[in-house]
Amino acid sequence: MNKNWVIVVIVAIIIIGAIAGVAIYEKNKKEVEKNNVIQNVINEVSEKVIDECIEEWSESEEHAVLDIEANSSEEKISPNGLLVLRRYYKECNHTINEYIDIPQNLVNKTYEDLEKEYSNWEIKEFSSSQVALYREFENTCSQHFVVRNNEGKIAIYRVNENNEEEIFQKTDISVEYLTETDKIEIENGIRVNGMEQLNQLIEDFE
């Protein structure tokens with residue numbers, strides 16, 4: 001009798017285990033199918049979003065290129081820009097660069113406007129932030145100086161277009177305290193070219 005009960009219990013356990021196994025399998029199968037459906041939907045939505053973003057980016061890029069081309073052809077001089085005037089003097093073979101703020105009359109002018117305004121100059125550079133103009137002159141530049149003794153003080157003379165010396169600046173530097181060599185050079189006149197060289201020479205005497 002006890003043996004029969006043991007067999008019945010074992011059979012029941014087997015049947016219950018089989019039923020539970022089938023139920024678990026069916027449940028997992030449904031979960032997998034559900035997840036596949038969700039993933040397919042996500043993929044479809046993602047592909048659509050990506051395609052739309054690429055299309056929008058391409059349209060934006062095209063508009064940007066068109067804007068740049070339009071701006072390039074209609075570029076105008078900014079009021080905060082810089083004007084560079086390059087003067088080349090053939091007689092002394094010097095080029096003098098002058099840097100100035102954009103004059104009011106050139107603000108918002110185009111390349112064509114600039115050609116009319118400076119018809120005697122060659123346009124070397126043109127942008128909204130900087131304009132560079134070039135011109136050649138037959139005479140000498142105004143950056144030639146002679147340092148001499150003037151009543152015991154060092155004085156600076158500028159050499160004009162006619163090679164004549166004109167007083168440019170008087171200093172408070174006394175010739176008396178210079179070395180004998182410097183005194184002789186000052187008496188003969190020391191010729192310098194450019195403000196940088198002139199300033200350096202005066203500093204050496206101070």
Side-chain angles (χ1 to χ4, degrees), residues 65-175 178-206:
V65 171
L66 292 176
D67 289 341
I68 291 173
E69 291 177 352
N71 290 337
S72 298
S73 61
E74 299 176 359
E75 190 166 15
K76 296 181 179 180
I77 302 174
S78 168
N80 299 321
L82 184 68
L83 175 62
V84 183
L85 299 177
R86 296 173 182 166
R87 299 179 175 90
Y88 172 71
Y89 296 86
K90 294 182 179 181
E91 189 169 329
C92 60
N93 197 31
H94 289 163
T95 299
I96 306 299
N97 294 325
E98 181 181 4
Y99 301 87
I100 58 177
D101 294 332
I102 292 293
Q104 188 62 36
N105 64 308
L106 292 184
V107 174
N108 293 327
K109 297 293 186 180
T110 63
Y111 185 95
E112 291 74 17
D113 296 331
L114 186 65
E115 283 185 317
K116 296 176 182 178
E117 191 77 21
Y118 287 83
S119 57
N120 295 328
W121 295 73
E122 180 182 353
I123 302 176
K124 290 292 187 180
E125 181 180 348
F126 181 87
S127 68
S128 60
S129 59
Q130 181 165 309
V131 174
L133 304 176
Y134 174 82
R135 185 177 177 183
E136 294 185 354
F137 297 84
E138 298 295 334
N139 54 355
T140 60
C141 68
S142 59
Q143 298 296 303
H144 299 267
F145 304 94
V146 179
V147 179
R148 294 186 181 279
N149 179 3
N150 184 303
E151 298 179 354
K153 303 287 185 179
I154 290 178
I156 303 170
Y157 296 82
R158 187 199 296 271
V159 180
N160 62 25
E161 299 176 358
N162 299 319
N163 203 31
E164 298 172 342
E165 297 180 13
E166 301 173 341
I167 190 68
F168 176 72
Q169 180 182 353
K170 293 182 179 181
T171 73
D172 294 327
I173 303 173
S174 177
V175 178
L178 299 180
T179 64
E180 292 301 321
T181 301
D182 289 338
K183 289 179 180 179
I184 295 174
E185 290 181 349
I186 288 292
E187 291 299 327
N188 294 330
I190 302 175
R191 292 184 174 271
V192 294
N193 297 323
M195 292 298 300
E196 183 176 353
Q197 186 178 355
L198 174 63
N199 292 334
Q200 183 61 54
L201 179 63
I202 297 301
E203 289 180 6
D204 292 341
F205 287 145
E206 288 180 341

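All values derive from a computational prediction rather than experimental measurement.
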So, the side chain of N199 versus the backbone of M195: is there a donor-acceptor pair under 3.5 Å, distance only? yes

Distance-only, no hydrogens or angles: does the N150 side chain make a donor-acceptor pair with backbone N or O of I154 under 3.5 Å? no

Which heavy atom of [X] sits nearest to which heavy atom of [Y], and what is that distance?
| X | Y | result |
| --- | --- | --- |
| L178 | K183 | O-CE, 3.3 Å |
| E117 | N105 | OE2-ND2, 3.0 Å |
| A155 | I167 | CB-CD1, 4.0 Å |
| C141 | I96 | CB-CG1, 3.9 Å |
| F126 | T110 | CZ-C, 3.6 Å |

Decide side-chain contact (heavy atoms from CB on, under 4.5 Å) for N97 and T95; before the verdict, give the C-alpha distance in whole Å, the side-chain angles of both, and the deciding distance to 0.1 Å. CA-CA 7 Å; N97 294 325; T95 299; 3.9 Å; yes

Counting neighbours of CG on N162 that are heavy atoms of other residues, nucleotides or ligands and sit closer than 6.0 Å, is the number greater than 12? yes

Output the distance between atom [atom1] ([X]) and atom [atom2] ([Y]), rounded to the nearest 0.5 Å.
| X | Y | atom1 | atom2 | result |
| --- | --- | --- | --- | --- |
| L114 | L106 | CG | CG | 6.0 Å |
| E166 | I156 | CD | CD1 | 14.5 Å |
| N120 | E136 | CG | CD | 13.0 Å |

N108 and I77: CA distance, side-chain angles, deciding distance, side-chain contact (heavy atoms from CB on, under 4.5 Å) verdict: CA-CA 5 Å; N108 293 327; I77 302 174; over 6 Å; no

Under-4.0 Å salt bridge between R135 and E122: no

With a 3.5 Å cut-off and no angle check, do the side chains of Q200 and D204 form a donor-acceptor pair? yes

Between E187 and N149, do the side chains contain a donor N or O and an acceptor N or O under 3.5 Å apart? yes

Partners meeting side chain to side chain contact (heavy atoms under 4.5 Å, CB included) with R158 (sequence neighbours left out): S142, Q143, F145, F168

For C92 and H144, what are the C-alpha separation, side-chain angles and deciding distance, and is it a side-chain contact (heavy atoms from CB on, under 4.5 Å)? CA-CA 9 Å; C92 60; H144 299 267; 3.4 Å; yes

Between [X] and [Y], is any pair of side-chain heavy atoms under 4.5 Å apart?
| X | Y | result |
| --- | --- | --- |
| F205 | V175 | no |
| S127 | E75 | yes |
| V146 | I190 | no |
| V159 | R191 | yes |
| D182 | E185 | yes |

Taking salt bridge (Lys or Arg N to Asp or Glu O under 4.0 Å) as the cut-off, I'd like each qualifying pair that reaches into residues 139-157, sequence neighbours left out, listed once. R148-E165

Set out, in order, the CA-CA distance, both residues' side-chain angles and the distance that settles side-chain contact (heavy atoms from CB on, under 4.5 Å) for N163 and T140, then state yes or no. CA-CA 9 Å; N163 203 31; T140 60; over 6 Å; no

Side chains of residues 82-89: which donor-acceptor partners sit under 3.5 Å, not counting sequence neighbours?
unit_1 : atom_1 : unit_2 : atom_2 : d
R87    : NH1    : E98    : OE1    : 2.7
R87    : NH2    : E98    : OE1    : 3.3
Y88    : OH     : N93    : OD1    : 2.6

